[in-house]
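First comes the structure, then the notes that go with it.
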Amino acid sequence: MKYYITTPIYYINDKPHIGHAYATFVADTFARYHRLKGADVFFLTGTDENSTKNVEAAREKGYSDIQHYLDMQSAEWQTAWKELGITNNDFIRTTEERHKQGVEQFFRLVHEKGDIYKGTYQGLYCTGCEAFLRESDLADGLCPFHKKKPELIEEQNYFFRASKYRAALLEHIEKNSDFIQPVSRRNEIVNYIKDHFEDISISREKIEWGIRLPIDDSQVIYVWFDALINYLTGIGYGWDEKLFARYWPADLHIVGKDIIKFHCALWPAMLLSAGLQLPRRVFAHGFFTIEGQKVSKSLGNAIDPVQLCAIYGIDVVRYFLLREIPLGGDGDFSELRLQDRYESELAKGLGNFTSRVLTLAEKCEATVFEAAAIPAEQEAARAVADLRYAWENGFEQCVLHESLAAIHDLIAWADRYIDKTKPWALLKEDNKTAVQTLSILLELLRQASLFLYPFMPHTAAAIRERLGLSGIAGDGVAWLQWRAERIHSVSKKENLFPPLAPKP
RNA sequence: CGCGGGGUGGAGAAGUCUGGCAUCUCGCUUGGCUCAUAACCAAGAGAUCGUGGGUUCAAAUCCCACCCCCGCAACCA
């Protein structure tokens with residue numbers, strides 16, 4: 001089984017902020033889950049470098065050598081993802097030669113298909129949107145999104161015959177109910193395709209930065225047409241057909257809710273034209289506010305994910321973002337709520353459970369913990385199997401907060417089990433039963449570490465270390481079996497989630 | 001007819017597509033426990049599910065109307 005997942009490629013006119021990190025963490029969590037399940041995973045992210053915005057940013061910052069600026073910025077993004085422990089398999093930049101080759105190849109295919117034609121375009125172009133607007137889109141003559149007066153542009157452009165694929169797209173969406181998620185977005189897209197999806201100008205005459213049209217080098221390819229193709233060129237399209245064949249089609253595109261039209265209408269239409277398979281699923285995550293206010297640099301509330309992780313730890317931030325905001329919805333990022341969740345769910349929940357089990361296990365002085373032929377063993381295995389179903393379902397249905405809930409249920413179940421069996425009392429009276437009971441508890445902890453791994457990889461490793469187990473290197477499908485690994489040399493070590501230092 | 005999100009115990013949320021005893025976390029009350037990070041377990045109080053209609057045996061959920069809140073200059077997922 002292969003699994004190919006992508007994030008959007010990001011504009012690099014500034015540093016990554018918490019919103020970018022969120023989308024990337026989400027994708028990374030899926031990638032880790034599928035690796036754990038033994039899939040052949042390819043996880044791609046990258047940077048969108050052919051946008052006019054980048055060029056403007058470079059100029060503003062005084063760089064005359066645009067490519068040099070892009071190299072620096074892209075490097076900064078790659079460093080950020082590395083520091084945040086993102087496990088992308090590759091990183092695609094749209095100014096790379098391999099991308100350019102793929103785009104040219106793709107363009108030729110679409111051209112040969114007869115889906116490119118030359119026309120005169122007269123329209124209102126908003127550089128904020130990187131798109132032409134209709135008269136009816138405007139509010140008081142301004143772009144409704146950017147409150148900016150669009151420029152009247154009249155030029156000879158090449159058009160992509162998107163309208164030709166309208167019916168096929170609608171049919172595909174109808175037949176594949178999972179294609180666009182969440183459902184509310186699907187409805188939005190269906191309306192959009194029915195009412196507004198028309199042939200689109202895919203070249204620009206007066207822009208100097210970008211990929212030249214293979215059939216007319218006086219024109220540059222429209223940035224979205226170019227950018228979307230990263231999902232192909234990132235896995236070999238145009239430069240390694242074997243690799244490409246191994247991973248295409250994408251199993252999941254993670255995108256922001258603002259760019260679903262491009263991903264759910266234009267992109268599939270492009271693929272249909274090129275005769276390529278469509279991605280299996282596009283999932284639109286929501287946006288969040290920061291302490292109730294929108295993300296905004298002028299308000300100074302843009303959060304640097306690297307800094308945030310330096311304070312709380314990567315796992316805690318990942319956990320919080322995925323726990324606090326149901327995937328697909330909008331949410332609010334609040335540091336106070338992060339601290340609340342840290343205290344109640346991580347320190348007092350997971351951390352305390354780990355701590356009490358390990359302490360008890362150390363006290364009983366056993367060196368190896370194995371399965372015992374007692375009813376409790378079966379009961380625990382059954383409980384975990386049920387929870388695993390919920391956990392897996394959360395990933396399959398893109399409702400990750402339900403997977404996290406399954407982890408909490410597992411810990412709650414185990415905490416209740418401790419209370420019921422009172423191992424601290426058993427240790428005094430009946431060491432054999434105590435070892436059996438603790439053995440079950442340690443297995444529950446091991447199971448928890450696996451459930452936790454996609455969300456909190458470092459914490460999972462820390463728990464496993466305490467159980468005398470190796471780190472998770474993928475291919476953990478066998479490990480998920482009850483009692484799949486032998487637990488030995490248990491050691492408590494320091495607490496997983498120490499109390500937070502009081503904030504000054 | 002611009003686009004979108006939301007209104008559910010004191011706080012924050014899930015549930016709404018696919019109707020079926022109103023769920024979770026925090027806080028509060030009471031009891032238990034002493035292995036554990038003053039942690040854990042149990043019981044309990046607390047909700048006209050924004051409003052008004054409609055459909056239905058049954059509505060937070062479906063339909064209609066309405067009220068209110070939030071985001072949409074630039075940066076920006």
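Computation of the quantities below employed the complete heavy-atom set of this structure, encompassing side-chain atoms and omitting hydrogens, waters and symmetry-equivalent molecules. If you're wondering where the values come from, they're calculated on a predicted model, not measured in any experiment.
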Could you tell me the separation between the [atom1] atom of [X] and the [atom2] atom of [N], rounded to a whole number of Å?
{"X": "A/Leu327", "N": "B/A77", "atom1": "CG", "atom2": "C1'", "result": "13 Å"}
{"X": "A/Asp330", "N": "B/G4", "atom1": "CG", "atom2": "P", "result": "13 Å"}
{"X": "A/Asp415", "N": "B/C33", "atom1": "CG", "atom2": "C1'", "result": "13 Å"}
{"X": "A/Lys348", "N": "B/A38", "atom1": "NZ", "atom2": "P", "result": "9 Å"}
{"X": "A/Gln339", "N": "B/A11", "atom1": "CD", "atom2": "P", "result": "21 Å"}
{"X": "A/Glu343", "N": "B/G27", "atom1": "CD", "atom2": "P", "result": "10 Å"}
{"X": "A/Asp409", "N": "B/A14", "atom1": "CG", "atom2": "P", "result": "18 Å"}

Could you tell me how far [M] sits from [N] if I compare only their [atom1] atoms? Round to whole Å.
{"N": "B/G53", "M": "B/G15", "atom1": "P", "answer": "28 Å"}
{"N": "B/G9", "M": "B/U61", "atom1": "P", "answer": "15 Å"}
{"N": "B/G50", "M": "B/A59", "atom1": "P", "answer": "15 Å"}
{"N": "B/G52", "M": "B/U30", "atom1": "P", "answer": "37 Å"}
{"N": "B/U34", "M": "B/C41", "atom1": "P", "answer": "16 Å"}
{"N": "B/G46", "M": "B/C28", "atom1": "C1'", "answer": "9 Å"}
{"N": "B/C66", "M": "B/G27", "atom1": "P", "answer": "43 Å"}

Salt bridge (Lys or Arg N to Asp or Glu O under 4.0 Å) evaluation trace for A/Arg59 with A/Glu56: CA-CA 5 Å; A/Arg59 297 250 161 80; A/Glu56 285 167 0; over 6 Å; no
Identify the nucleotide, in any strand shown, that forms a Watson-Crick or G-U wobble pair with B/C76, with both distances under 3.5 Å; if there is none, say none. none
Which one is paired to B/G44, where only Watson-Crick or G-U wobble pairs with both distances under 3.5 angstrom count? B/C28
Can a side chain N or O of A/His20 be found less than 4.0 Å away from OP1 or OP2 on B/A77? yes
Under 4.0 angstrom between A/Lys492 side-chain N/O and B/U37 OP1 or OP2: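 True: A/Lys492 side-chain N/O within range (under 4.0 Å) of B/U37 OP1/OP2.
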Positive for side-chain hydrogen bond (donor to acceptor under 3.5 Å, both in side chains) with A/His99, one of A/Thr233, A/Asn230, A/Asn50: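 Going through the options one by one, the only one that passes is A/Thr233.
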Between A/Thr359 and A/Phe287, the residue closer to the 5' end of RNA chain B by nearest nucleotide is A/Thr359
Exceeds 12 heavy-atom contacts within 6.0 angstrom, atom NZ of A/Lys82: no
Ion pair check, A/Glu49 and A/Arg93, cut-off under 4.0 Å: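 A salt bridge links A/Glu49 with A/Arg93.
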Assess the pair A/Tyr342 and A/Tyr312: is the distance between their ring centroids shorter than 6.0 Å?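 Ring centroids of A/Tyr342 and A/Tyr312 are no less than 6.0 Å from each other.
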